[in-house]
Amino acid sequence: MAADLLNLLSFTELLLTIEIYNQCLNLTENDLPPRIREHYLDPVNGGVKRPLDATRADVERIIGPVDFREYLGKLTFVEMDEPGSRLKLQNFEAGALWFANQDSFEIIRSNPVLALYYQKYDPNVSYLEAKLSNQSTPRSEGGKGVDDRLEELWGEGKEAQDILKLVSIKFPEQIRNSLDDLVLTEDQRMEIAKAGKAIEYREYLRDTGLYEIGKILFIGPPGTGKTTAARALSRWFHLPILEVKLSMIISHYLGETSKNIDRVFVLAKKLSPCIIFIDEFDFVAKTRTSDDHGAIKRAVNTLLKAIDDISLVEDGVLLIAATNYPQLLDYAAWRRFDKILSFVLPDVEMRRRILEKVLGKVNAAVDPLELARLTEGYTGSDLRLVVREAVLNALLQDRKHLDQGDLVRAVEEFHRRNSDYRKAGTG
Ligand SMILES: Nc1ncnc2c1ncn2[C@@H]1O[C@H](COP(=O)(O)OP(=O)(O)O)[C@@H](O)[C@H]1O
Ligand SMILES: [Mg+2]
């Protein structure tokens, strides 16, 4: 299941980060992702001292509950020494390679410690960019950081801290994703442009009484660019984006969930004009059909009501939700949106253009059209992974120049691995 993979990724991210941080003395605590830095921060003297290690308790406090036996079974490059229950990468290279082969690109791109390591292998990764997008920019470094701006909006104290565990706020200048990096259908471009205009002309829309606007649902298979598009929108229209992961908000603080949802929407109104982006929207459906938890149901109802109560025209908040599983949503969830935007699997022409973009900065003598023909059914994310594999394989031979054969082999490899994975999944 996808959620499992996500946890395995967080777990491996943590162990890799610790290992690289311990080894590379040039890295400072400000390079650590906020969750990890906060956990290891010395409350008295400040700073994060080396070497870091990860006991079971550390891991659970940073990423949440973990079934260690299952994880260690799946991740053979991890080892636990029993007496101290310390977790270690007994094979760092294998761990790093496994991680790179998952859908981990966004994680790497926003974790400076990992980016420092992977930038040696992947031209699309940059330590400096990761540092810019890492929200850990400390207050002491001068300039108005995200934290300062939030404090102005929200005030200091526990509430502000709590809310930041549930949402991630990015200001447009922190966003690396640009609409230009995405190959979109004409329909997608139009709808995105309309949403932008609606924000720009919201007074006019109010005067004309057209309120039913500004709630968009992105649907489509994983890896088709939904998350990237939402972020890119923020940069394009120069609006801050408040990202909410429903699994986070609902599972972590169950008792407080309804209150937290309200807080997130209050924060959005304070940030206005802004975008609120609810990823994993299908979580709503899963919890509505299972009747195990009254608290979850109440939370979902609170969320749907909050969505009803927010308006682009009146509050200046554009609401975007995204789901990989639209078939799970019921009418009550669908009807909240005034626009459904479909992210389809790219056709051959789109695949060609995506490959051209991804290969843009790679020194490669290839025929993108032929590769596009070989990759029927691949998502944009798959194509990225294929190119990255090809780049890494060439680097194994210290080559920075790729030819068609490198990419064809990477496609075959991807195909083989995917079908192995499917076999393992069903049998
Ligand atoms: N149409 C596309 N054009 C260019 N890149 C794409 C496209 N679709 C996906 N990608 C790339 O694949 C990766 C994953 O996309 P993402 O936005 O996370 O997908 P989703 O949210 O739909 O699962 C991103 O790096 C993105 O740039
Ligand atoms: Mg996504």
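Predicted model, so just to flag it, every value in this text is computed and none were measured. Each ligand, and each atom within it, is numbered from 1 in the order the structure gives.
The single protein non-hydrogen atom nearest to atom 19 (O) of ligand 1 is Gly225 N, 3.1 Å, given as residue, atom name and distance. For atom 25 (O) of ligand 1, the nearest non-hydrogen atom of the protein is Arg384 CD, 3.3 Å. Looking at atom 14 (C) of ligand 1, its nearest protein heavy atom turns out to be Ser381 CB, 3.7 Å. What sits closest to atom 5 (N) of ligand 1 on the protein, heavy atoms only, is Leu182 CD2, 3.7 Å. With respect to atom 23 (O) of ligand 1, the closest heavy atom belonging to the protein is Gly223 N, 2.7 Å. Considering only non-hydrogen protein atoms, atom 22 (O) of ligand 1 sits nearest to Lys226 NZ, 2.7 Å.
Among all heavy-atom pairs drawn from Asn177 and Arg235, the shortest one is O-CD, 3.9 Å. Residues Leu89 and Glu19 share a closest heavy-atom pair of CD1-CB, 4.2 Å. Residues Ala115 and Ser126 come closest through the heavy atom pair CB-O, 3.8 Å. Nearest heavy-atom pair, Leu116 versus Cys24, reported as atom, atom and distance to 0.1 Å: CD2-SG, 3.6 Å. The two residues Ala54 and Val59 make their nearest non-hydrogen contact at CB-CG2, 4.0 Å.
Just one residue in the list Arg388, Arg351, Arg352 forms a side chain to side chain contact (heavy atoms under 4.5 Å, CB included) with Leu383, and that residue is Arg351. Evaluated for a ring-ring contact (aromatic ring centres under 6.0 Å, His included) with Tyr117, the options Tyr127, Phe92, Tyr21 yield exactly one hit, Phe92.
Distances shorter than 4.0 angstrom occur between a heavy atom of Thr224 and an atom of ligand 1. Using 4.0 Å as the threshold, Glu106 has a heavy atom nearer than that to some atom of ligand 1.
Ring orientation note: the planes of Phe11 and Phe68 are nearly perpendicular, at an angle over 60° on the 30°/60° scale. Using the six-membered ring where Trp is involved, Trp98 and Phe77 have ring planes that are tilted, between 30° and 60° apart.
Of all atoms in ligand 1, numbered sequentially from 1 with element shown, those under 4.0 Å from a heavy atom of Val183 are 1 (N), 2 (C), 3 (N), 4 (C).
Of all the heavy atoms of Lys357, none lies under 4.0 Å from any atom of ligand 1, so neither backbone nor side chain is involved. Both the backbone and the side chain of Thr228 come within 4.0 Å of ligand 1, judged by heavy-atom distances. With a 4.0 Å cut-off on non-hydrogen atoms, Asp181 touches ligand 1 through its backbone and not its side chain.
Which of Ala232, Gly220, Gly380 comes nearest to atom 10 (N) of ligand 1 through a heavy atom is settled by distance: it is Gly380.
A donor-acceptor contact under 3.5 angstrom links the side chains of Asn324 and Lys226, judged on distance only. In this model, no donor atom of one side chain and acceptor atom of the other lie less than 3.5 Å apart for Asp262 and Thr302. Donor-acceptor pairing under 3.5 Å is lacking for the side chains of Thr375 and Asp382.
Checked against the 6.0 Å centroid threshold, Phe281 and Tyr325 do not count as a close aromatic pair.
When only interatomic distances are considered, the shortest N/O to N/O separation between Pro222 and ligand 1 does not fall below 3.5 Å.
Protein-derived N/O/S atoms nearer than 2.8 Å to the Mg ion (ligand 2) total 1, waters excluded.
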